[in-house]
Each structure stands twice: as structure tokens, then as C-alpha cells.
2 protein chains.
Amino acid sequence: MPTRSADALDEALRARGLRSTLQRRLVLDAVAALGHGTPEQVCERVQVEAPSLSPSTVYRTLELLEKLGVVSHTHLGHGAPTYHVSGHEHIHLVCRRCGAVQEADVVQAGALAQEVADRYGFATDVAHLSLDGVCARCAGKHPTPAGR
Amino acid sequence: MPTRSADALDEALRARGLRSTLQRRLVLDAVAALGHGTPEQVCERVQVEAPSLSPSTVYRTLELLEKLGVVSHTHLGHGAPTYHVSGHEHIHLVCRRCGAVQEADVVQAGALAQEVADRYGFATDVAHLSLDGVCARCAGKHPTPAGR
DNA sequence: ATAATTGCAAACAATTTGCATTCAG
DNA sequence: CTGAATGCAAATTGTTTGCAATTAT
């Protein structure tokens, strides 16, 4: 159902008097298809359909889409920001061993945010919360952590 | 009391048959002094004392120190990893408006980790937990969030 | 028609790597 | 002495920017 998001995109663009272009749609579709992806991953994915779509455009478009509120980004694991379509908010569990990113719906996150708000006056964006750790699979595989 | 950490460092190095050098001590001191800092910040800081100490060495040393377990790194806010001395573990509250990083001691983090462990079998590294949001000061200043 | 958007190529910044020199053990 | 560690400079990688050509409106 790519039509839905396309429409939503069009709408958002029109609202700001911006233009609806193929590349913008492709970038959004790629983000949606990936679930969560770095700019590079989006580039790769998008260039399958449109090899001429340049990285510059991907970067610019991601920024734009974020401003429009249709996607948002978090910083998981290492340096690269990870984009995902807005709305489908969740917590990320990032495994430091295998790098896998699992999405989770966690009740306690609210309690945590509440405490931080009360004690530090800090308004946590729960949607951008990501946890670093070791996933079940890796924990099973390597009971004794190695150096590297 | 920089003597303490110097000794600890020496010890850790010896244990692995590695050499104790001035630059390694300087890098560790810089990390300790900064509380939490990116490689670049460490470079800057370290080059005050030793202008010839090269970035390469800083990068290599941070990696080494981490392997030794005397420092660890997290990813706050944007891309750059942030290093801090191990032991003094805490949660980071990163303000997306002003970029300020506040350290917090939060009880609920344990409950959160527990839930994730129970439901997903994911072993959270609580020490690397960082929250994205808006700090008290910024919330007060700009009641109406802007686009950029 | 007209200005927004794109693609390209060059500019940039941050990090990594190879290698000759230096220095701790 | 001897190999580990450093400093330098060049190579990479990921991202940004300027500008002419393109294209949605």
C-alpha cells in the first residue's frame, strides 16, 4: 500500500507549497520499506529503482521529510542516523554484538520518562529511545564475551 | 588525584604486556577531565599539553583504553561517540535543543531493563543508556518549538 | 514562464592506514 | 638492543555545498 503514504506525502508537500517529485516519493518508500535505515541504506535501496538519484538528493530529502514530520531519525549504535516513518513509534534494542536492531514496545519506558521529568525537568522523547545491550541470540551463542 | 588513574592504567597495560606511555596517560586524563567527550574534544584537550600528540594516536588510544576496560563509549545525540572513564556509570540526558548533556541517576532504568530482559531476552547495558529530549532550561525558553 | 529541485562534481570533516622514526622495556 | 608505539601524511568514508540543467506548477 504505497499509495497511502504517497498521498500523505503529497498533502504535506502541498501544505507547504513544495513540489511533489518522483525522488521524494522514492526516498519515502525506501524508508518505509526498510523500517529503519541509514542515509546510505536508503541511497542503496533507492538507486535500485532510480540509479541516477544522487546521494545529495537523498540527504536533502530525508532532511525535508523530517521537517515535514513524515519521517524522524534516531541514533542507534554507531554514528549513522537511522530514519523511519513517523507514527509507528517504538523503542529500539540494539545488539552490540551482532548489530541487530529489534523494535520493542515497552511499558516501563513511560515510568522512566516520568521519573526523569520529575527529578530533572527533562522531557524525554520516548520514541527516540534506544537501548544498547546484547540480544537473546548473541547471549546464548557466546556465554563468554571476547575482547574484540 | 590523577595518580590513581595513572596507576590503574599502568596496571591494566602491564597485565597485557603493553607499554606505558605519556600519551596514553594524557588521553586518559583528558577523558577523565572532560567527563564525557568525543575523540575530537579529547584531541583538542590533549594537544594543549602535548601539541605534537596526533589525532591518530588519540583514536588508537581510545580504542585501546576501551579494550582495557578503563573507558567506555556511548553514542549521544549526533554522530560522534562519547568517551568516559568506566566505573562512574550514569544515564545521559541529551537535550536536542541546546545539546547539553546532563548526567542522571535514575532508579526506573532498572525496571526498564528488567522488562526488556523478561519480554525480549535482551540484556540492556544500562550504563550506556541515553535519553533524547528537551531539558528544563530549553523547555522554559521556547514554549513553542520551531521548525529547525 | 519561473522558481524549485535535481545531479554532478568539488569541497569538507572525521576517521583510518602505511610507514619511517622514536622510545619503553 | 628490539619491537611496540608514535607522528606524519596520504587515503577513505560519509556528508555537504555550489551551480547549471531540469522540471513541476
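Chain letters run A, B, ... following the sequence lines, proteins first and then strands; every chain starts at 1.
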Colleague: For DNA chain D, note the earliest and the latest nucleotide, 5' to 3', having some atom under 4.0 Å of a heavy atom belonging to chain B.
Modeller: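 With heavy atoms of chain B under 4.0 Å away, the range is D:dG3 to D:dA9.
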
Colleague: According to ring-ring contact (aromatic ring centres under 6.0 Å, His included), does anything in residues 39-70 of chain A pair up with another residue at least two apart or in another chain? List the pairs.
Modeller: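 ring-ring contact (aromatic ring centres under 6.0 Å, His included) check on residues 39-70 of chain A returns no pairs.
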
Colleague: Along DNA chain C, 5' to 3', what are the outermost nucleotides having an atom less than 4.0 Å from a heavy atom of chain B?
Modeller: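 Listed 5' to 3', the contact boundaries are C:dA14 to C:dG25.
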
Colleague: Listing request: all salt bridge (charged side-chain N to carboxylate O under 4.0 Å, His left out) pairs with a residue in residues 31-51 of chain B, at least two apart in sequence or in separate chains.
Modeller: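 Sorted result for residues 31-51 of chain B: empty, none.
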
Colleague: Starting from the first five and the last five pairs of the helix from C:dA1-D:dT25 to C:dG25-D:dC1, work out the angle between the resulting helix axes, to 10 degrees.
Modeller: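 Nearest ten degrees gives 30° for this helix.
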
Colleague: For B:Thr57, enumerate each residue passing the side-chain hydrogen bond (donor to acceptor under 3.5 Å, both in side chains) test, keeping only those at least two apart in sequence or located in another chain.
Modeller: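 Expected list: B:Ser54.
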
Colleague: Taking only heavy atoms on the protein side, list every residue of residues 42-58 of chain B lying under 4.0 Å from any atom of DNA chain C, sorted numerically.
Modeller: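 Result for residues 42-58 of chain B: B:Ser56, sorted by number.
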
Colleague: Restricting to ring pair (Phe, Tyr, Trp, His ring centres under 6.0 Å), what partner residues turn up for A:His84, sequence neighbours left out?
Modeller: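 Testing A:His84 for ring pair (Phe, Tyr, Trp, His ring centres under 6.0 Å), a comparison that skips the adjacent residues, returns A:His90, A:His92.
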
Colleague: Could you list the donor-acceptor pairs under 3.5 angstrom formed by side chains in residues 100-107 of chain A, with sequence neighbours left out?
Modeller:
from, atom 1, to, atom 2, distance (Å)
A:Glu103, OE1, A:His88, NE2, 3.1

Colleague: Tell me, please, which residues at least two apart from B:Gln47 pass side-chain hydrogen bond (donor to acceptor under 3.5 Å, both in side chains).
Modeller: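 Scan of B:Gln47 (side-chain hydrogen bond (donor to acceptor under 3.5 Å, both in side chains), adjacent residues dropped) gives none.
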
Colleague: Would you mind listing every salt bridge (charged side-chain N to carboxylate O under 4.0 Å, His left out) that reaches into residues 119-136 of chain A, with sequence neighbours excluded?
Modeller: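 The answer is A:Arg96-A:Asp132, A:Glu115-A:Arg119, A:Asp125-B:Arg96.
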
Colleague: By nearest heavy atom, map B:Tyr59 and B:Leu18 onto DNA chain C; which one lands nearer the 5' end?
Modeller: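 Taking each residue's closest nucleotide, the earlier one in sequence belongs to B:Tyr59.
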
Colleague: For B:Tyr83, which residues count as a ring pair (Phe, Tyr, Trp, His ring centres under 6.0 Å) partner, sequence neighbours excluded?
Modeller: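 Applying ring pair (Phe, Tyr, Trp, His ring centres under 6.0 Å) to B:Tyr83 gives B:His73.
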
